[in-house]
There are 2 protein chains.
Amino acid sequence: MTFDNIDKKLLEYLQADSKQTNKELSNKLNLSVTAVYERIKKLEKEGFIDKYVALVNKDLVEKSFVAFCHIKLIQHSQNFVMEFEKEVKDLSEVLECYHISGDYDYLLKILVKDIAAFREFLVKKLTSISHIGSTHSMFVINEVKHTTTISF
Amino acid sequence: MTFDNIDKKLLEYLQADSKQTNKELSNKLNLSVTAVYERIKKLEKEGFIDKYVALVNKDLVEKSFVAFCHIKLIQHSQNFVMEFEKEVKDLSEVLECYHISGDYDYLLKILVKDIAAFREFLVKKLTSISHIGSTHSMFVINEVKHTTTISF
DNA sequence: GTTGAAACAGGTTCCCC
DNA sequence: GGGGAACCTGTTTCAAC
């Protein structure tokens, strides 16, 4: 499909603020409202836009503690990998989980209330998951940058 | 301020899909449309909702390569830290940057087109930033989980 | 907090170029 | 593909309970 520079601009605007009206977008893009509307519908239909969401301030809702956790599995048989990944997906404290190259197998981003809640999570939930060998945690001291926006 | 269980439910719904109508939300929450409307406005005004955004499918827009990059600074004087953080914020390939505990000072999440683009980014942009001591990169083999939703 | 209704704005459709 | 106008759905405001 065609995906031109106007579409890229449009995606950048919608990633910054999805509540803008088509009229506002049409001004920024020098297009008519109809054209903007059709381009957005096209981007939605073709899957360029996954979904529209509200981003919540984690500090105000008492989820201020962020940690990254490296995890090594005991074994790497397909069964072990699949079971581990399935169980991790069900943990609401785990916002992100990546299978990565390097010394460890996985990198997890964890969000909880405070360090006590993190300890609780680590002991009660994470390390009780099947097939975990070792873990290594890093605490976030400061969030320097955090965006969901892909730039073109 | 009051922030009750209905507000939490409401935030969960809006984090999952911010394009729902107030009528749909009122059904799920067993509230009137007016009540939903007022709660949302309250959550926006008090800062619980940072913003509304579109989430873009990175693979369709040719940004399929994700890497995490550990960075150690040469020195940790306030000037060095501030300069480094300022420069990192301006790099569009860096979606996230955290000051963390542990062997390295920072953890960065990088998004680019492919491994060639990553090499380019590393050599041309990242390592030319001031005060960087050493770096250590980990490539994402598979994204097991990735959500922006905070659970309550 | 609820209901209902009125006013308005924006999304959506249609027809034109 | 883009533009303009009509239409229609959802948001916003308000009054009364």
Side-chain angles (χ1 to χ4, degrees), chain A residues 1-63 147-152, chain B residues 1-64 113 147-152:
Chain A
M1 90 170 270
T2 49
F3 175 59
D4 61 17
N5 288 330
I6 299 179
D7 289 319
K8 290 182 181 176
K9 272 279 171 208
L10 182 50
L11 281 184
E12 287 191 339
Y13 292 137
L14 290 173
Q15 286 182 105
D17 175 10
S18 62
K19 281 281 164 80
Q20 294 170 88
T21 64
N22 291 347
K23 185 156 171 46
E24 289 173 305
L25 292 167
S26 72
N27 286 334
K28 293 180 183 171
L29 293 167
N30 279 352
L31 282 179
S32 69
V33 173
T34 308
V36 168
Y37 174 78
E38 278 165 359
R39 277 175 184 268
I40 292 176
K41 286 301 150 200
K42 185 195 66 182
L43 290 169
E44 290 171 354
K45 195 147 56 75
E46 313 249 348
F48 284 79
I49 296 173
D50 272 333
K51 55 179 178 174
Y52 297 93
V53 303
L55 296 183
V56 166
N57 182 314
K58 63 181 163 49
D59 297 318
L60 284 186
V61 297
E62 304 223 294
K63 301 282 184 185
T147 180
T148 56
T149 304
I150 299 172
S151 296
F152 298 104
Chain B
M1 90 171 267
T2 49
F3 175 59
D4 61 17
N5 288 329
I6 298 179
D7 288 319
K8 290 182 181 177
K9 273 278 171 209
L10 182 50
L11 282 185
E12 288 191 338
Y13 292 138
L14 291 172
Q15 286 182 104
D17 176 11
S18 62
K19 280 281 163 82
Q20 295 170 86
T21 64
N22 291 346
K23 186 156 172 45
E24 288 173 307
L25 292 167
S26 73
N27 287 334
K28 293 179 182 171
L29 295 166
N30 280 352
L31 282 179
S32 67
V33 172
T34 308
V36 168
Y37 174 78
E38 278 164 0
R39 277 175 185 267
I40 292 176
K41 286 300 151 202
K42 185 195 67 183
L43 291 169
E44 290 171 353
K45 195 150 54 78
E46 312 250 349
F48 284 79
I49 295 173
D50 272 333
K51 55 179 177 173
Y52 297 93
V53 302
L55 296 182
V56 166
N57 182 314
K58 63 181 164 47
D59 297 318
L60 284 186
V61 296
E62 305 222 293
K63 301 283 182 183
S64 293
K113 183 183 178 196
T147 179
T148 56
T149 303
I150 299 173
S151 296
F152 299 104

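Just so you know, these numbers come straight off a predicted model, no measurement behind them. Each chain gets a letter, A, B and so on, in the order its sequence line appears, and its residues count up from 1.
For the pair D4(A) CG and dG1(D) P, the computed distance is 10 Å after rounding to whole Å. L31(B) has its CG atom 13 Å from the C1' atom of dT3(C), to the nearest Å. Residue L25(A) contributes atom CG, which lies 14 Å from atom P of dG2(D) at whole-angstrom precision. Rounded to an integer number of Å, the gap from K23(A) NZ to dC8(C) P is 18 Å. Straight-line distance from the CG atom of N22(B) to the C1' atom of dA9(C): 14 Å, rounded to whole Å. In this entry the distance linking CD1 of I40(B) with C1' of dT12(D) reads 12 Å, nearest Å. What separates CG of D7(B) from C1' of dG1(C) is a distance of 13 Å, to the nearest Å. Look at CD on E24(B): it is 14 Å from P on dT9(D), rounded to the nearest Å.
If you take CD1 on I6(A) and CG on L11(A), they are separated by 12.5 Å, rounding to the nearest 0.5 Å. Distance check, rounded to the nearest 0.5 Å: CD1 of I49(B) to CG of N57(A) gives 10.5 Å.
Here the two rings, on Y52(A) and Y52(B), have centers that are 6.0 Å apart or farther.
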Worked verdict on K28(B) versus Q20(B) for side-chain contact (heavy atoms from CB on, under 4.5 Å): CA-CA 11 Å; K28(B) 293 179 182 171; Q20(B) 295 170 86; 2.5 Å; yes
Evaluation steps, salt bridge (Lys or Arg N to Asp or Glu O under 4.0 Å), between E38(B) and K41(B): CA-CA 5 Å; E38(B) 278 164 0; K41(B) 286 300 151 202; over 6 Å; no
Chi angles and distances behind the side-chain contact (heavy atoms from CB on, under 4.5 Å) call for Q15(A), V53(B): CA-CA 5 Å; Q15(A) 286 182 105; V53(B) 302; 5.5 Å; no
Using a cutoff of under 3.5 Å, can you pull out all pairs of nitrogen or oxygen atoms linking the protein to nucleotides 13-15 of chain C, with atom names and distances?
residue, atom, partner, partner atom, Å
dT13(C), OP2, Y37(A), OH, 3.1

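Atom CD of E24(B) sits in a crowded spot, with more than 12 heavy atoms from other residues, nucleotides or ligands closer than 6.0 Å.
Residue S32(A) places none of its side-chain N or O atoms closer than 4.0 Å to OP1 or OP2 of dG2(D). Proximity of R39(A) to the phosphate of dG1(D): no side-chain N or O atom is located under 4.0 Å from OP1 or OP2. For the pair K41(A) and dT12(C), the criterion of a side-chain N or O lying under 4.0 Å from OP1 or OP2 is met.
Within the 4.5 Å cutoff, the side chain of L25(B) has heavy atoms near those of the I40(B) side chain.
By the 4.0 Å N-to-carboxylate-O rule, D50(A) lies too far from K58(B) to be salt-bridged with it.
Within residues 13-21 of chain A, the residues approaching DNA chain C are T21(A), by heavy-atom distance under 4.0 Å.
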